[in-house]
2 protein chains.
Amino acid sequence: MNLTVEELSLWRLLQRAQVRIAGRLEAELVEAHDLALASYEVLSQLAAAPGRRLRMNDLADRVLLSRSGLTRLVDRLQREGLVVREACESDARGLFAVLTGAGLDRLKEATPTYLRAVRTHFLDALDGDDVRRCRSMLAKLGVV
Amino acid sequence: MNLTVEELSLWRLLQRAQVRIAGRLEAELVEAHDLALASYEVLSQLAAAPGRRLRMNDLADRVLLSRSGLTRLVDRLQREGLVVREACESDARGLFAVLTGAGLDRLKEATPTYLRAVRTHFLDALDGDDVRRCRSMLAKLGVV
DNA sequence: GCACAGTAGATGCGCGCGCAACGTTTTAAG
DNA sequence: CTTAAAACGTTGCGCGCGCATCTACTGTGC
């Protein structure tokens, strides 16, 4: 089966959209809260996790970062007091990244900005049907 | 208007899909042709442009890179002989990035890999309706 | 009990990128 | 013509990331 030009350009357009939206989210978060998008994602994932903690490994997967990348990012967040590392009792190799009170505060501060930006730059352009269709496409793509 | 959890997670899923697909394209291009995705995009854009040349500025926009980022990328491609810089007669500030014969060869070599990867990791999962719907969504998002 | 592969996370290293600043050229205003 | 402002591309700089490697620990098989 051959690719039409339509189909081919679709991937580039998607990439373009993703980069543009991510750039805007990042810009607004940095501007308003001096918080990088990746940092926001970490705080957000931790806040949603039971015990506000996640193994470094799990966390890395969720925020689309390599293990080493996450190590440094958590270093930085820990330096800012937003996160701490705690040993894992059941596995002495493992560490939890744990959200601190300050981290939760910072997250709560930034969340309205994040939500507004996602709405403004992404969801507002779509109707309910688009959202459903998009979800189904993402499911087909295996991102679950 | 409030965001449902469904809607909220949509953006993260989209990001996930984009990162995953781009990663696979890049991996296959590097593996088979020692060519980074960004480099492929540059060669591809140049090949499609009239005279196989594009102003640095235009090119930067098309490949989603900052001006300085493109400067370095073109440096590398030029070092490899895939691209050359040529002065712009009508505007002495401007430079063209021009695809060389070797660059075109390299592009032709890599293109089947690229197309196959885009098909395998993206388009194969979608039907014609998805493609149309996706295009319409991207249009709504203003990526045109 | 002891080796041995596998896993978790940290670290050395290099690379690609963006930002801010710069020199050059063009354009606009007076 | 003169001067100011904007545009084009490059460069210095620092940062965040991934890969490969390392150490420490786990668990499997004998």
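Side-chain atoms are counted along with the backbone in the values below, which use heavy atoms only and exclude waters and symmetry mates.
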*Asks:* Using distance only, find each side-chain donor-acceptor pair of residues 39-46 of chain A under 3.5 Å and give its atom names and separation, not counting sequence neighbours.
*Replies:*
from, atom 1, to, atom 2, distance (Å)
Tyr40(A), OH, Thr111(A), OG1, 3.1
Glu41(A), OE1, Arg12(B), NH1, 2.0
Ser44(A), OG, Arg12(B), NH2, 3.0

*Asks:* If you count heavy atoms of other groups shown closer than 6.0 angstrom to NZ of Lys140(B), is the number above 12?
*Replies:*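 Enclosed.
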
*Asks:* Do any pairs count as a side chain to side chain donor-acceptor pair (under 3.5 Å) and have a residue in residues 48-59 of chain A, sequence neighbours left out, and if so which ones?
*Replies:* Arg53(A)-Glu86(A), Asn57(A)-Arg67(A)

*Asks:* Does Val98(A) sit in a hydrophobic cluster with other residues, and if so which ones, taking ILVMFWY side chains as linked at heavy-atom separations under 4.5 Å, directly or through other members?
*Replies:*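 Members other than Val98(A) - counting any ILVMFWY side chain reachable under 4.5 Å - are Val84(A), Phe96(A).
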
*Asks:* Does anything in residues 42-56 of chain B reach DNA chain C, meaning a heavy atom under 4.0 Å, and if so which residues?
*Replies:*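 Those residues whose heavy atoms fall under 4.0 Å from DNA chain C, taken from residues 42-56 of chain B, amount to none.
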
*Asks:* Starting from P on dG16(D), measure out to CG on Leu37(A) and report it in whole angstrom.
*Replies:* 14 Å

*Asks:* Does any residue of residues 14-23 of chain A have a heavy atom under 4.0 Å from DNA chain D, and if so, which ones, in number order?
*Replies:* none

*Asks:* Given dG9(C), is OP1 or OP2 found less than 4.0 Å from the side-chain N or O atoms of Asn57(A)?
*Replies:*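 Answer yes for this pair, as a side-chain N or O of Asn57(A) is under 4.0 Å from OP1 or OP2.
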
*Asks:* What I want to find out is whether Glu7(A) reaches Arg119(B) closely enough, with some N-O distance under 4.0 Å, to be called a salt bridge.
*Replies:*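 No.
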
*Asks:* Using the rule given for side-chain contact (heavy atoms from CB on, under 4.5 Å), can you reason through Met56(A) versus Arg85(A), listing the C-alpha separation, both sets of side-chain angles and the distance that settles it, and then say yes or no?
*Replies:* CA-CA 9 Å; Met56(A) 294 294 285; Arg85(A) 274 177 244 245; 3.6 Å; yes

*Asks:* Please test Leu138(A) against Leu14(B) for side-chain contact (heavy atoms from CB on, under 4.5 Å), starting from the C-alpha separation and ending with a verdict.
*Replies:* CA-CA 7 Å; Leu138(A) 290 167; Leu14(B) 189 65; 4.2 Å; yes

*Asks:* Round to the nearest Å and state the distance from Asp75(B) atom CG to dG9(D) atom P.
*Replies:* 13 Å

*Asks:* Tell me, for nucleotides 17-26 of chain C in 5' to 3' order, what letter each nucleotide earns: B for a base near a protein heavy atom under 4.0 Å, S for only sugar-phosphate near one, - for neither?
*Replies:* SBB----BBS

*Asks:* Find the distance Asp61(A):CG to dG9(C):P and express it as a whole number of Å.
*Replies:*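 Checked: the CG to P distance equals 10 Å.
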
*Asks:* For the pair Asp130(A) and Arg133(A), find out whether any cationic side-chain nitrogen is under 4.0 Å from an anionic carboxylate oxygen.
*Replies:*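 Salt bridge between Asp130(A) and Arg133(A), a charged N being under 4.0 Å from a carboxylate O: no.
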
*Asks:* Just how far, in rounded Å, is P of dA8(C) from CG of Leu59(A)?
*Replies:* 14 Å

*Asks:* Any side-chain N or O of Arg85(B) under 4.0 Å from OP1/OP2 of dT10(D)?
*Replies:* yes

*Asks:* What I'd like to find out is whether the side chain of Leu35(A) reaches to under 4.5 Å of the side chain of Tyr114(A), using heavy atoms alone.
*Replies:*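 No - every pair of side-chain heavy atoms lies 4.5 Å or more apart.
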
*Asks:* Any side-chain to backbone donor/acceptor pair from Thr113(A) onto Leu29(A)? Under 3.5 Å, distance only.
*Replies:* no

*Asks:* Between C1' on dT7(C) and CG on Leu95(A), what's the gap in Å once rounded to a whole number?
*Replies:* 13 Å

*Asks:* If you measure from the Lys or Arg side-chain nitrogens to the Asp or Glu carboxylate oxygens, is any gap between Asp129(A) and Arg132(A) under 4.0 Å?
*Replies:* yes

*Asks:* Grab the CG-P distance between Leu77(B) and dC15(C) for me, whole Å please.
*Replies:* 16 Å

*Asks:* Glu41(B) CD to dG16(C) P: how many Å, rounded?
*Replies:*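 Atom CD in Glu41(B) sits about 16 Å away from atom P in dG16(C).
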
